[in-house]
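Take a look at the structure below.
Note: hydrogens, waters and symmetry copies are ignored here, and every other heavy atom, side chains too, is used.
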Amino acid sequence: LYYPTDGGLAVFGGGAVGWGIVGRVNAGGGEGATSEAAAAPKVVIEPVRVENARLSRGGDGVVISGKTGRLEIRFTAIDWQAPEKCRFLYKLEGHDDRFTAVHPGQPRSAVFTDLTPGEYGFSVRAIGNTGLWSAEAATMTFAVERPFYSAPWFIVLIFAVAALAGLAVFTAVRRRR
């Protein structure tokens with residue numbers, strides 16, 4: 001188990017206790033104490049917020065129904081040395097394939113507005129105070145469904161209803177003459 005403390009990282013496990021010093025993690029074990037260099041931060045995607053739409057879990061990811069107003073994906077990094085100094089790079093494949101940088105002090109979130117229907121893949125990486133990039137990017141896939149009123153079946157239905165209404169009005173006017 002790992003617990004952050006004011007003096008570093010406390011490590012509990014295997015009957016041994018170690019205290020992390022800035023840049024190092026010290027842990028004892030059955031064969032004595034060991035010391036390892038600090039690891040790269042691990043990136044975590046936090047809950048996603050969506051306005052004007054409903055989120056549901058699909059087979060391969062998240063499905064957003066309806067017209068999305070604002071999609072906010074929050075993320076953070078687990079870095080025991082200096083979490084406030086982490087920097088991030090993220091991109092949303094299917095929307096913009098360029099990476100966007102998030103520097104210390106900026107909100108750890110990506111905001112997208114009015115996404116068009118389609119498939120998207122979000123990925124984010126972090127670099128910690130040690131200069132090490134996260135070993136793996138945190139990823140999330142999701143799809144934005146087409147609103148029902150722009151689906152082909154709905155447009156055909158509207159034209160059919162309009163044609164029937166027009167035919168009914170034409171028939172009613174013709175009977176009056």
Side-chain angles (χ1 to χ4, degrees), residues 2 4 39-80 82-177:
Y2 300 94
K42 179 178 175 11
V43 186
V44 178
I45 295 176
E46 297 179 331
V48 176
R49 295 179 182 207
V50 180
E51 290 180 12
N52 303 331
R54 190 183 82 246
L55 276 178
S56 62
R57 277 288 204 198
D60 294 331
V62 176
V63 177
I64 302 171
S65 65
K67 182 174 180 345
T68 61
R70 180 176 187 265
L71 171 70
E72 181 180 12
I73 303 173
R74 294 182 179 198
F75 45 84
T76 191
I78 300 171
D79 183 2
W80 300 110
E84 70 282 355
K85 293 182 180 179
C86 283
R87 293 174 289 153
F88 300 87
L89 285 177
Y90 71 83
K91 73 175 174 178
L92 182 61
E93 294 175 13
H95 177 66
D96 185 3
D97 291 335
R98 292 178 296 167
F99 281 96
T100 302
V102 176
H103 299 284
Q106 292 180 320
R108 294 179 174 190
S109 64
V111 177
F112 307 98
T113 56
D114 296 323
L115 291 174
T116 58
E119 304 267 332
Y120 297 94
F122 180 79
S123 64
V124 60
R125 295 189 71 186
I127 185 169
N129 193 39
T130 60
L132 297 174
W133 281 99
S134 51
E136 293 181 17
T139 61
M140 179 183 88
T141 59
F142 64 93
V144 176
E145 288 183 334
R146 177 187 309 255
F148 75 92
Y149 53 81
S150 68
W153 65 265
F154 186 77
I155 294 169
V156 169
L157 178 67
I158 293 298
F159 278 118
V161 168
L164 287 175
L167 182 61
V169 168
F170 177 74
T171 304
V173 169
R174 192 157 185 182
R175 282 189 184 165
R176 284 193 171 184
R177 289 190 184 174

Subject >> Derivation and outcome, side-chain contact (heavy atoms from CB on, under 4.5 Å), residues V144 and L71 >> reply: CA-CA 11 Å; V144 176; L71 171 70; over 6 Å; no

Original post:
Are R108 and C86 close enough, and set up right, to give a side-chain contact (heavy atoms from CB on, under 4.5 Å), and what steps lead you there?
Top reply: CA-CA 10 Å; R108 294 179 174 190; C86 283; 3.8 Å; yes

**OP:** Step by step, work out the side-chain contact (heavy atoms from CB on, under 4.5 Å) result for R70 and V111.
**Re:** CA-CA 7 Å; R70 180 176 187 265; V111 177; 3.6 Å; yes

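Separating the CZ atom in R125 from the NZ atom in K91 is a distance of 10.5 Å, to the nearest 0.5 Å. Atom CH2 of W133 and atom CZ of F88 lie 9.5 Å apart (nearest 0.5 Å). For the atom pair I45 CD1 and T76 OG1, the distance stands at 11.5 Å (nearest 0.5 Å). Interatomic distance, W153 CH2 to I158 CD1, rounded to the nearest 0.5 Å: 9.0 Å.
Side-chain atoms of F112 and D96, non-hydrogen and from C-beta on, never get closer than 4.5 Å to each other. No side-chain heavy atom of S134 sits less than 4.5 Å from a side-chain heavy atom of K42. Contact check for V102 versus V124: no side-chain heavy atoms found under the 4.5 Å cut-off.
Between F142 and Y120, the ring planes lie parallel to each other; the angle is under 30°, not in the 30° to 60° tilted range.
Heavy atoms only, all atoms of each residue included: F75 and A110 are closest at CE2-N, 3.7 Å. Of all heavy-atom pairs between S123 and T139, the closest is CB-CG2, 3.8 Å.
Counting non-hydrogen atoms of neighbouring residues, nucleotides and ligands closer than 6.0 angstrom, the CD atom of E136 reaches no more than 12 such neighbours.
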